A.B. asks: 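Dropping the structure in here first, questions after.
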Protein chains: 2
Amino acid sequence: MHARGSGRQRGREDALSRERIVAAAIELLNRDGEAGLTFPALSRHLATGPGAIYWHVADKGELLTAACEAVVIRTLKAVPAGATPPDTIRALALGMFDAMAASAWIGSALIRAESSLTMVQLIEPLGQQICALGVPKKVRWAALSALLSYILGVGGQNAANQQYTHAHGIGRADYLEKICAAWKQLDAQTHPFARSVAGELRTHDDRADFLAGVNLILQGMSTLRR
Amino acid sequence: MHARGSGRQRGREDALSRERIVAAAIELLNRDGEAGLTFPALSRHLATGPGAIYWHVADKGELLTAACEAVVIRTLKAVPAGATPPDTIRALALGMFDAMAASAWIGSALIRAESSLTMVQLIEPLGQQICALGVPKKVRWAALSALLSYILGVGGQNAANQQYTHAHGIGRADYLEKICAAWKQLDAQTHPFARSVAGELRTHDDRADFLAGVNLILQGMSTLRR
DNA sequence: ACCTGAACACCGTTCAAGT
DNA sequence: ACCTGAACACCGTTCAAGT
């Protein structure tokens, strides 16, 4: 009863596959955040039942890990090679910053220990550039940890902020204004620092600040050159 | 029908309160991780119904935020004051490292934008020490971001690893051995860095490496002194 | 081999009813 | 004011049955 001359037995444009499932998962995650990835929503999106998905994927955790890995690999591929080590590091960092802004869920997904093989995709190019910078072997791991944590930490924080303002339907300016006001209400005796930087919050550029931090770490590494 | 001469109307040792609920939540989170905090489990632990908890707390998100804040405040209080700025920063960093090792869930909880008021508890003492170090005003925020991200990033990663080994009932040595083996199987052409550091993974001390990274960042900051 | 979809266990949240 | 606990909506996962 199905179409002759074709391998397709389904009314959809293509057969189900792990890749198509992961692609659909990424779409849902980007649109509605981590809460948007549910099996009912995914089944609807793929015009199938939940059982079909479980044939290709072990569980929700594996799905999240696979989605995360796909985004990270795609991001790193887009970074041009052949530039000087500091420039390459800056490009890698900004690439991840932008990817996390578009996919806020990668931050928390990368923390899980299950995704250590995804992490190595990120560790490898950064580590190579650190070696190229001439950082001594003894402090290479510390240097890598500092850089990697900074990228994932600040990128994740920025993504969470964006996600928050978007979800609550408030503008970025209003959001910063709110935090600024809250920080200025803190006690001057116990919170002098927060009060002193509160004003800068309103006018700062997250991406530029992020890049400044990367440069600061690169600056620190250059003092380690042997 | 209830006991005379006492304000207590309940068979429990004490009346329900936000504090007792948060304390119980922390207990569950520390024992069973983020998945361990459920309203059925919390109700059982407090010998009450879920509705009673909702009288004191808005929802699960607020509960997680409150639990996180309580742990962070408790941790920071335990850090002795009066030491030199670098020593104080080291003590703050190690305090958070240990707290995250005992409470792996704080990592992902702190990322959420809702906990910005908890974050300021951490930003304030670190910021004060950065000022005391003589870091110029213009790069204070970048310096703070780098330090904070490093602490939360590496601390969170370490906590996730511990959680993973504990949950899967494997020893730390076996776990590192597994990662080491996986990294050594990577292609030599594409992953020279991961292969070269794989061996060190087995013998390294997470806490010592963490401290080395903090010192590296402190070193970088000292070059910024005006 | 691959898919269907009902069924199950479990969880967050609500709410009418109690004290 | 504060608590009880049944009820509801929803989700992850399984599995007997289909093709």
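Note that the coordinates shown come from a computational prediction; the quantities given were computed from them, not determined experimentally. To find a chain, count down the sequence lines: A is the first, B the second, and so on, and within it residues start at 1.
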A.B. asks: Any idea which of D:dT13, C:dT13, C:dC3 is nearest the B:Asp59 side chain?
C.D. replies: C:dT13
A.B. asks: Considering only side-chain heavy atoms of B:Pro50, which listed nucleotide, D:dC3, D:dG5, C:dT4, is closest?
C.D. replies: D:dG5
A.B. asks: Which nucleotide, D:dT14, C:dC2, D:dC3, lies nearest any side-chain atom of A:Tyr54?
C.D. replies: D:dT14
A.B. asks: Which nucleotide in the list C:dG12, C:dC3, D:dT13 gets nearest to the side chain of A:Lys60?
C.D. replies: D:dT13
A.B. asks: Remember a base hit wins even if backbone is also touched, and classify B:Leu42 as base, sugar-phosphate or nothing at under 4.0 Å, heavy atoms.
C.D. replies: nothing
A.B. asks: Are side-chain N/O atoms of A:Glu34 and A:Ser108 paired as donor and acceptor at under 3.5 Å?
C.D. replies: yes
A.B. asks: Could you check which nucleotide pairs with D:dT19 in any of the strands shown, counting Watson-Crick or G-U wobble with both distances under 3.5 Å?
C.D. replies: C:dA1
A.B. asks: Once you round it to whole Å, what is the distance between C1' of D:dC2 and CG of B:Leu46?
C.D. replies: 15 Å
A.B. asks: In whole Å, what is the span from the CZ atom of A:Phe39 to the P atom of C:dG5?
C.D. replies: 17 Å
A.B. asks: Closer than 4.0 angstrom, basic N to acidic O: yes or no for B:Glu69 and B:Arg74?
C.D. replies: no
A.B. asks: Just the rounded figure in Å: distance from P of C:dC2 to CZ of A:Arg18.
C.D. replies: 14 Å
A.B. asks: How many whole angstroms separate atom CG of A:Leu63 from atom P of D:dC11?
C.D. replies: 15 Å
A.B. asks: With both distances kept under 3.5 Å, what pairs with D:dC10, Watson-Crick or G-U wobble?
C.D. replies: none
A.B. asks: Of the listed nucleotides (C:dT13, C:dT4, D:dG12), which one gets closest to any side-chain atom of A:Ala52?
C.D. replies: C:dT4
A.B. asks: Respond yes when some side-chain nitrogen or oxygen of B:Trp55 is under 4.0 Å from OP1 or OP2 of D:dC2, and no when none is.
C.D. replies: yes
A.B. asks: What's A:Leu37 touching, base or sugar-phosphate or nothing? Going by heavy atoms closer than 4.0 Å.
C.D. replies: sugar-phosphate
A.B. asks: What is the distance from CG of A:Leu16 to C1' of D:dT19, rounded to the nearest Å?
C.D. replies: 15 Å
A.B. asks: Are the aromatic rings of A:Tyr150 and B:Tyr150 close, with centres under 6.0 Å apart?
C.D. replies: no
A.B. asks: Classify the ring geometry between B:Tyr164 and B:Tyr175 as parallel (under 30°), tilted (30 to 60°) or perpendicular (over 60°).
C.D. replies: tilted
A.B. asks: Strictly below 4.0 Å, N to O, side chains only: are B:Arg195 and B:Asp187 in salt-bridge contact?
C.D. replies: no
A.B. asks: Answer yes or no: does a side-chain N or O of B:His56 lie under 4.0 Å from OP1 or OP2 of D:dC3?
C.D. replies: yes
